[in-house]
Amino acid sequence: MSKLQKGLFELEPDPAAWEVAAGEDCLVAQVVFNRPLDTVYHYLVPEGLRNFIAPGQRVRVPFGRGDTSTLGYCVGLQANPTPGKRLKSISEVCDREPLLSQSMLDLTQWISERYLSSWGQVLEGVVPAGVKKQAGTREIVFYKPVADIDLSKLKLPLKQMAVLELLLAHNKPMSVESIRAKVDCGVSPIDSLRKKKLILAERQRTYTGDQELEEIVIQNDLKLNAEQQAALDEIVKTLQNQQHETILLRGVTGSGKTEVYIQAIREVVSYGRQAIVLVPEISLTPQTIRRFRARFPSVAVLHSHLSDSDRYWHWQRIAKGEVQVIVGARSAIFAPTPHLGLIVIDEEHESTFKQHSTPRYHAREVARERARREHIPLLLGTATPTLESLLRTQTGDDVLIELHERVEQRPLPPVSIVDIRDDPLIQQKHSIGRALGNSIKTALAEGGQVILFLNLRGFSPVLWCGKCRGVKCPDCDITLTWHRDKELLLCHSCEYSMPSPKVCPSCGQPGLKFLGAGTQRLEAEVKSKFPEAVTVRMDSDSMRKPGSHDEALTAFREGKVNILLGTQMIAKGLDFPNVTLVGVIDADTLLHQPDLRSAERTFQLIAQVAGRTGRGTKGGRVLVQTMSPDEPVIQLAAKHDYVGFAKREMLSRKAALAPPYSSMARVIFRGLNEEIVKTEIRRIANILKQTIKDKDLQIRLLGPAPAPITRLRKFYRYHFQMTSSKVETLHLLWKDLAHEFKLDKDVELTIDVDPVDLR
């Protein structure tokens, strides 16, 4: 815990006598702060602010020993304070209208309790910055006529009379620019009417950006096959019953899950209600938006690549009920929909639905809770469900609907496992082996398109020193990756960079070698071997420019690109009928990582990337290059056998009492001094172990130990894990003891409930 954190947990001194709440006619605001504090503070609302304050607004208040002016969130109001309680007063109400409704305030409180984060931190993370500062707007003066004007009794110049007649006919306030344009006058007639008190001025905050609602040609719904129709009927039945139900739609890749979503949303919209659709990747958003905009007149988008003004513009339209469908990444689950009728999460298995900074919520679980509170269905779609979601269907908590066939009964593509251990090209440091190279040549010759998947960025992931092994970032326990386009070695965690050294920075030994291949190196090899083909690379390095995802995918869809290669952003959700070959360059990338979910992620990635081919009349095939051809995970993925994989993996997890058969909380300590971090984590772990033993709690504590990436951004990191059959047991233990830990000022602590990444 830092010095700042420690100070925040100390009790404030008693307020001065003038701060004592006197009398019974008092209004008290409950206020929380964007700090690691569980306390809800109480402040008096001055008489002059009573008509302007409501829960969900930000307020400025004196806080702490020095009465520092601090921004907080009003989360409730009460009529009277506790008798004799001394309270400070609110200084300012910062928002004209609440940023969040009462139902969303209640949901954020649940998030704070579920993920052991402070309520103020959740609120700060939920409301976008552009909304808080009303980006892209400015205050404009509008004019309206005073009440009960009788024009027949007025003698006014022609222009003044024309202005007054316009305002009376318009029935709502008009801006100066609008009045001048309609009447063809200057500001003088308007100013004269104001001085005569015939019109009144009022200020309104107006959007000044360049967003426009585009003209859309609405397309008809597609005809569903028998499986799709049965799935839709089941979903519509739940909608008509106006009840909450979580439905897991497990459909093989290419089975038409998106069309089922669309027609279910069609039903929701027919009731005058709204739908939220979450997608895992920015790269999927343009294609998904295009599909929905072709079916619905009003679609909004919310994701991190939007400008603040665009986000605020969409947010306002959603809150007014002007939007039928909201599409976005995980934060779109907080869209301020007044008439929500359905939530859809596409590719529900994706780890990107988990937030990796405070508040560390999982969008799927937040969606489940929001849907439960609003009595609406939650629809989860995927070809490869998480084991957590699958188990809920097996226990009867959720409903499972399956689509076993692709649309038009197209077969799943055959998957060939290619053992590259003895491939001469691979031994010569090529990324593309003989079999894959020949298949690419054939696919291109037959007019097909190719997707190549490699989940490593850069040119070479390792600069090898024979003595020190990989050259690491000086601030992280991560090898530096060579980016040839920038001529720099980069750390993919902290963005540290340096030119390629001639000798090892640690031991001074010469003869350094670049090992391994990333997407940049693969791109260079593809262009060298297939110079006639147009190749595009999609990864987080090449897709930094706004709109670059959509531009690349549109070019590929239109056949202007022959080979698309990249990381996991090309592995799921994309529908290109002319793709006849998919190549997985290295299936072992994720398999051997020290992570509980490494096998699950490997299966999901292979299954998802394999699903990008065989969607058209030409059919398709998949080649999976691997150094571990006998691994059961790879064998099962090649057979498209999700059920077999899930059964095998569930048995392994159950034997280990690991998620989904238990709830987990990971506690990470970090600091600049490794010895202090180790001392503190051992002390806290011992306190927890003793309490678990004394109270006979059904909790297992594993650790403490160094984190897999022990040093990150100069900080040393140690962690331990706690598991229990019920997450509530972990909550109770933590809440009972956390306030007693009193960490060293140079050590920070983070708790991650239900982590999906253990690095």
Side-chain angles (χ1 to χ4, degrees), residues 227 248-257 347-350 381-387 389-391 393-394 400-421 423 433 435-436 439 443 450-455 568 570-575 579-593 597-616 618-654:
E227 275 194 330
L248 176 62
L249 180 63
R250 186 177 83 82
V252 298
T253 55
S255 58
K257 294 185 291 295
E347 311 290 1
E348 72 88 23
H349 63 276
E350 284 296 326
T382 177
T384 54
T386 59
L387 300 185
S389 294
L390 183 64
L391 182 61
T393 66
Q394 294 174 352
L400 175 64
I401 300 176
E402 296 187 280
L403 302 176
H404 300 93
E405 296 181 354
R406 283 185 154 191
V407 292
E408 300 181 4
Q409 295 186 322
R410 293 191 179 107
L412 286 166
V415 179
S416 301
I417 298 175
V418 181
D419 184 353
I420 56 172
R421 287 174 294 185
D423 190 308
L436 181 55
S439 296
V450 177
I451 289 179
L452 299 177
F453 170 73
L454 176 61
N455 209 31
Q568 59 184 356
I570 68 167
K572 56 253 181 183
L574 305 175
D575 188 0
V579 173
T580 58
L581 176 67
V582 166
V584 178
I585 300 301
D586 184 358
D588 311 322
T589 305
L590 293 174
L591 187 58
H592 303 299
Q593 291 188 1
R597 292 176 172 82
S598 60
E600 187 177 2
R601 286 185 181 140
T602 299
F603 183 93
Q604 289 167 344
L605 271 173
I606 294 175
Q608 291 291 329
V609 75
R612 298 316 104 210
T613 188
R615 290 173 173 251
K618 293 182 179 180
R621 60 188 298 229
V622 182
L623 267 66
V624 179
Q625 295 188 159
T626 175
M627 294 279 191
S628 310
D630 299 323
E631 279 284 350
V633 174
I634 294 175
Q635 291 283 342
L636 291 165
K639 296 174 184 176
H640 304 286
D641 186 4
Y642 171 79
V643 174
F645 164 76
K647 184 177 180 180
R648 177 187 176 90
E649 187 69 9
M650 293 280 257
L651 286 172
S652 173
R653 300 274 188 94
K654 191 171 185 177

Would you please test L248 and T382 for side chain to side chain contact (heavy atoms under 4.5 Å, CB included) and show each step?
CA-CA 8 Å; L248 176 62; T382 177; 4.2 Å; yes
Name the residue from R406, K257, E402, H404 that meets the side-chain contact (heavy atoms from CB on, under 4.5 Å) definition with V252.
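When R406, K257, E402, H404 are each tested with V252, the side-chain contact (heavy atoms from CB on, under 4.5 Å) holds only for R406.
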Result of checking V415, I417, V609, I606 against V622 for side-chain contact (heavy atoms from CB on, under 4.5 Å):
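Result for side-chain contact (heavy atoms from CB on, under 4.5 Å) with V622: V415.
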Roughly how far apart are [X] [atom1] and [Y] [atom2], rounded to 0.5 Å?
X	Y	atom1	atom2	value
N455	D588	CG	CG	12.5 Å
T393	L390	OG1	CG	4.5 Å
S389	H349	OG	NE2	11.0 Å
L403	R250	CG	CZ	9.5 Å
I585	T626	CD1	OG1	12.5 Å
Q625	L436	CD	CG	5.0 Å

Flag the pair [X] / [Y] as yes when at least one side-chain heavy-atom distance between them is below 4.5 Å, and no otherwise.
X	Y	value
V407	R410	yes
V582	F453	no
S439	R621	yes

For [X] versus [Y], what's the shortest heavy-atom pair and its separation?
X	Y	result
L581	A443	CB-CB, 4.0 Å
A587	T602	O-CG2, 3.8 Å
T613	G619	OG1-O, 4.3 Å
Q394	M650	OE1-CE, 3.7 Å

Derivation of the side chain to side chain contact (heavy atoms under 4.5 Å, CB included) call for R597 and R653:
CA-CA 10 Å; R597 292 176 172 82; R653 300 274 188 94; 3.8 Å; yes
Using modelled atom types and a 3.5 Å cut-off, is there a donor and acceptor pairing between side-chain atoms of E227 and backbone atoms of E405?
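Indeed, once roles are kept as given, a pair shorter than 3.5 Å links the two residues.
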Give the table of side-chain donor-acceptor pairs shorter than 3.5 Å for residues 631-647, with sequence neighbours excluded, one pair per line with atom names and distance.
residue: Q635; atom: NE2; partner: P629; partner atom: O; Å: 2.6
residue: H640; atom: NE2; partner: P413; partner atom: O; Å: 2.8
residue: D641; atom: OD1; partner: G644; partner atom: N; Å: 2.8
residue: Y642; atom: OH; partner: P385; partner atom: O; Å: 2.8

